[in-house]
Number of protein chains: 2
Amino acid sequence: MTYRSPRAIGFAPPHDVTEGMGRMGRQSGTDADGQRRSTVTDVARRAGVSTATVSRVLNRNYPVAAATRERVEKAIQELGYVVNAHARALAGVSGRTVGIIVNDVVDPFYAYIARGVEREASRGGRLCLVCCTQGDPQRELAFVELMHERRADAVIVVGGSVADRAYTGELARRATELDADGAKLVLCGRPPLGERVPTASVEYDNEGGAFALTDHLLTQGHERVLYLGGPPGLSTTRDRLAGHRRALELRGAEADPALEQPGAFSRAFGARRMAEVLRQDIRFTAVFAANDIVAAGAAQALEEAGLRVPQDVSLVGYDDVPVAQEMRPRLTTVHVPLEEMGRQAVRVALRDEDEDPWREPTTGVIRLGTHIVVRDSVAPRGTHRGRT
Amino acid sequence: MTYRSPRAIGFAPPHDVTEGMGRMGRQSGTDADGQRRSTVTDVARRAGVSTATVSRVLNRNYPVAAATRERVEKAIQELGYVVNAHARALAGVSGRTVGIIVNDVVDPFYAYIARGVEREASRGGRLCLVCCTQGDPQRELAFVELMHERRADAVIVVGGSVADRAYTGELARRATELDADGAKLVLCGRPPLGERVPTASVEYDNEGGAFALTDHLLTQGHERVLYLGGPPGLSTTRDRLAGHRRALELRGAEADPALEQPGAFSRAFGARRMAEVLRQDIRFTAVFAANDIVAAGAAQALEEAGLRVPQDVSLVGYDDVPVAQEMRPRLTTVHVPLEEMGRQAVRVALRDEDEDPWREPTTGVIRLGTHIVVRDSVAPRGTHRGRT
DNA sequence: CTCCGGACAGTAAACGCATTCTATGGGCTG
DNA sequence: CAGCCCATAGAATGCGTTTACTGTCCGGAG
């Protein structure tokens with residue numbers, strides 16, 4: 001038999017469903033009123049063994065005679081004993097927790113990453129702390145701190161960040177403190193904090209994807225493409241916009257400032273701003289939405305304005321979340337391996353402690369590939385009448 | 001000055017961003033190599049006070065002279081000290097954690113509820129443990145246990161459940177054990193576990209909503225309505241189907257077994273089964289999708305079959321997640337206050353311990369209202385040609 | 001001038017579990 | 001049959017905080 005094996009979650013040998021033996025038999029402590037939560041000591045007393053032995057049957061990390069084990073397990077059942085993870089953590093065992101901080105769990109971009117994190121975490125027998133910043137960097141900082149207090153094995157911050165000096169410094173400080181405690185701050189889909197700051201990170205190529213997309217549009221004959229959405233100042237927006245511009249420049253297309261309309265990552269923004277732009281005197285034959293959600297909003301506004309996609313206007317998005325496949329026409333976009341990013345984030349953070357402790361401590365940087373996926377929302381320029 | 005005030009998360013007085021004072025000065029322990037994580041004792045030593053005093057400035061729950069406080073805070077800064085939540089919890093302070101268990105964070109039904117839970121939790125200064133069962137009751141049970149081990153203040157299980165006897169008993173057992181430890185199991189959108197089992201719960205009216213929806217369809221002249229989707233055996237499916245049948249019966253419409261096509265809650269199922277049904281010889285003039293996601297799938301299949309909604313076939317969904325408003329035509333559905341359910345779930349579980357401890361221990365049951373929201377996906381029977 | 005109470009600060013005992021040593025049999029080897 | 005080693009079980013110690021209890025110092029009332 002092998003000991004010391006932190007198992008994945010689920011399918012634990014199910015407890016005997018000894019139906020309604022409803023908590024009668026309290027006989028542990030010396031307290032007079034209702035039953036107190038029982039401890040290892042109580043279990044030990046009831047089984048007639050020492051606390052050490054109880055601990056050992058609990059953790060299966062040391063041989064215990066079958067007969068003894070059974071007595072202990074019986075006592076555990078009867079007492080309804082549940083180990084105290086805090087005490088266990090305090091005694092030196094990992095808390096088996098990873099934290100993830102996102103803008104909003106409802107947004108599919110974050111939801112898929114969160115799913116990846118959660119799956120990989122529970123595969124390693126860990127639980128997952130999830131927090132939502134609602135876009136507020138102060139909350140993000142506060143959450144990182146709180147997760148550090150709970151001694152999370154890793155804290156994963158997800159999505160683009162603002163380039164504020166004070167904020168960045170503060171986050172770097174926390175990264176360093178986490179590192180000093182053997183934990184890791186993982187940057188998931190956001191730029192590094194600087195050479196000296198000990199972090200791990202999982203990246204994907206925003207600039208490159210955007211370049212490919214705009215290049216695709218250009219190749220189809222579109223010269224004036226409207227860039228729509230994305231919070232200005234956010235690294236994600238900056239990078240995608242950079243790729244877009246580079247493609248434009250490379251093909252010698254003019255860069256009209258009126259064609260850049262950043263704002264937000266929401267469907268509502270996409271619809272509203274698209275409608276506004278349509279009312280103005282801005283010429284374009286294609287729309288590059290900062291992400292698929294914005295694209296969905298734009299598509300709606302386009303449709304309501306009587307414009308057909310792709311016959312009248314071509315449209316592309318970014319991220320390849322489900323809505324991209326569900327739209328009609330199906331959206332051409334850049335596929336980002338969201339769930340895989342989540343998985344890798346916990347892997348890169350944990351591989352030091354789960355594997356041989358001998359290996360060099362890793363400051364991992366994982367870079368995941370993206371690729372453009374061509375669907376039905378782009379048509380060659382020649383076939384449509386363009387937009388005034 | 002008031003002491004003892006657990007504050008909401010965010011906007012804590014920002015630490016001085018004393019930029020690059022990068023962890024030089026290690027002088028705490030006696031260990032030779034790199035700095036060790038510092039403890040209250042280290043801080044106390046450095047500030048020249050006792051650990052009790054440090055604890056008091058940390059928790060602001062006892063008067064400390066201003067000068068002393070400053071020295072301590074300085075020491076904390078310099079050491080990069082971060083309190084250990086495990087030790088704190090062990091010493092008797094609440095772990096300030098709530099757990100939520102869902103099928104899948106990506107599904108908007110769960111995502112919105114999770115968002116509500118997270119928001120309400122962090123409003124109370126708590127962090128949120130999130131787990132995904134992927135539909136497996138065994139994993140759910142395992143997660144409840146794990147959260148209990150971590151001494152979560154509340155464990156919220158979300159969504160319909162199967163009526164398996166062993167599973168139910170096991171869950172009841174855990175609910176009882178949680179209760180004995182002063183925590184609460186919260187049933188969110190699922191039927192109670194029985195009179196004797198100490199749980200809190202947040203419900204909404206599946207049966208009633210479904211009744212209203214089918215009644216609406218019937219009123220519009222539809223007599224043969226296809227019920228599509230929802231895992232058979234799941235309480236949610238059972239209840240919605242029950243409401244549907246009751247309306248049918250009340251209006252004297254015939255209940256054709258062929259018109260009931262349960263299966264899953266996914267878009268893919270909706271599309272596939274809809275397409276299959278269209279190929280068969282089943283007459284119907286309206287479709288009642290078990291939820292909005294299934295409705296979206298069905299809409300797609302309908303469109304691909306050349307059938308228009310609502311001219312040829314009427315369609316309704318359930319839950320009122322965003323896709324319902326985004327579909328064209330906009331989907332008539334039942335609005336369920338998902339996010340509010342999440343908020344209420346943590347409230348009902350926590351109101352005992354956050355408010356006056358005098359009040360009667362509550363076994364709360366909260367019932368939230370739902371209402372049908374009529375949009376554009378249903379038309380009176382007369383206007384369309386029906387379906388063979 | 002003495003005594004008392006208030007404002008602070010320190011001491012030490014939990015909190016519940018893991019783990020390191022140490023002790024005790026019993027089976028085996030030689 | 002003596003001496004050993006292995007399999008097990010117990011005793012004791014430490015993990016980092018909080019929190020009763022105890023002081024101690026000081027100013028003002030009597």
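Nothing here was measured: the structure is a model prediction, and the numbers come from that model. Naming convention: chains lettered A, B, ... in sequence-line order (proteins, then strands); numbering from 1 in each chain.
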Given D/dT17, is OP1 or OP2 found less than 4.0 Å from the side-chain N or O atoms of B/Tyr81? yes
From the list A/Arg150, A/Arg139, A/Arg174, salt bridge (Lys or Arg N to Asp or Glu O under 4.0 Å) with A/Glu145 holds only for A/Arg174
Closest non-hydrogen contact found for B/Val98 with B/Arg126 is CG1-CD, 3.5 Å
Between C/dG16, D/dA11, C/dC8, which nucleotide gets closest to the side-chain atoms of A/Ala52? D/dA11
Does the pair B/Tyr167 and B/Gln138 meet the rule for a side chain to side chain contact (heavy atoms under 4.5 Å, CB included), with working shown? CA-CA 8 Å; B/Tyr167 157 74; B/Gln138 290 310 310; 5.7 Å; no
Nearest to the A/Leu90 side chain among D/dT19, C/dA18, D/dG16, which nucleotide is it? D/dG16
Go through D/dA9, C/dG16, C/dA9 for me and flag the one nearest to the B/Thr53 side chain. C/dA9
Give a yes or no on whether a donor-acceptor pair under 3.5 Å exists between the nucleobase atoms of C/dG16, that is its base, and the side chain of A/Arg37. no
Closest to the A/Ala87 side chain: C/dG16, C/dC8, D/dT19? C/dG16
Of the listed nucleotides D/dA9, D/dT18, C/dA18, the one nearest the side chain of A/Ala91: C/dA18
Could you state the CG-P distance from B/Asn61 to C/dA9, rounded to the nearest angstrom? 14 Å
Using the side-chain heavy atoms of B/Val93, tell me which of these nucleotides is nearest: D/dT8, D/dT19, C/dA18. D/dT19
Give a yes/no on whether any side-chain N or O of A/Thr39 is located under 4.0 angstrom from OP1 or OP2 of C/dG16. no
Comparing A/Ala66 with A/Thr51, nearest DNA chain D nucleotide closer to 5' gives the residue A/Ala66
Of the nucleotides C/dC17, D/dG10, D/dT19, which one has an atom closest to the side chain of A/Ser50? D/dG10
So which of A/Arg196, A/Arg173, A/Lys184 actually passes salt bridge (Lys or Arg N to Asp or Glu O under 4.0 Å) with A/Asp179? A/Lys184
Return the minimal non-hydrogen interatomic distance between B/Val64 and B/Arg56, and the atom names on each side. CG2-CB, 3.8 Å
So what does B/Val83 hit on the nucleic acid, given a heavy-atom distance under 4.0 Å: a base, only sugar-phosphate, or nothing? sugar-phosphate
What is the distance, rounded to the nearest whole Å, between atom CZ of B/Arg56 and atom P of C/dC8? 11 Å
Heavy-atom donor-acceptor pair, B/Thr97 side chain to B/Gly95 backbone, under 3.5 Å: yes
Check: B/Gly116 main-chain N/O paired with B/Arg343 side-chain donor or acceptor under 3.5 Å: no
If you only use heavy atoms from C-beta on, which nucleotide in D/dT8, D/dG10, D/dT17 is closest to the side chain of A/Val49? D/dG10
Regarding the side chain of B/Tyr62, the nearest nucleotide among C/dC15, C/dA9, D/dT17 is C/dA9
Under-4.0 Å side-chain N/O to phosphate OP1/OP2 contact, B/Asn59 with D/dT17: no
Base-pair string, DNA chain D, Watson-Crick plus G-U, cut-off 3.5 Å on both distances, | for inter-strand, is ||||||||||||||||||||||||||||||
Heavy atoms from C-beta onward define the side chain here; which of C/dT19, D/dA9, D/dG16 lies closest to that of B/Asn84? D/dG16
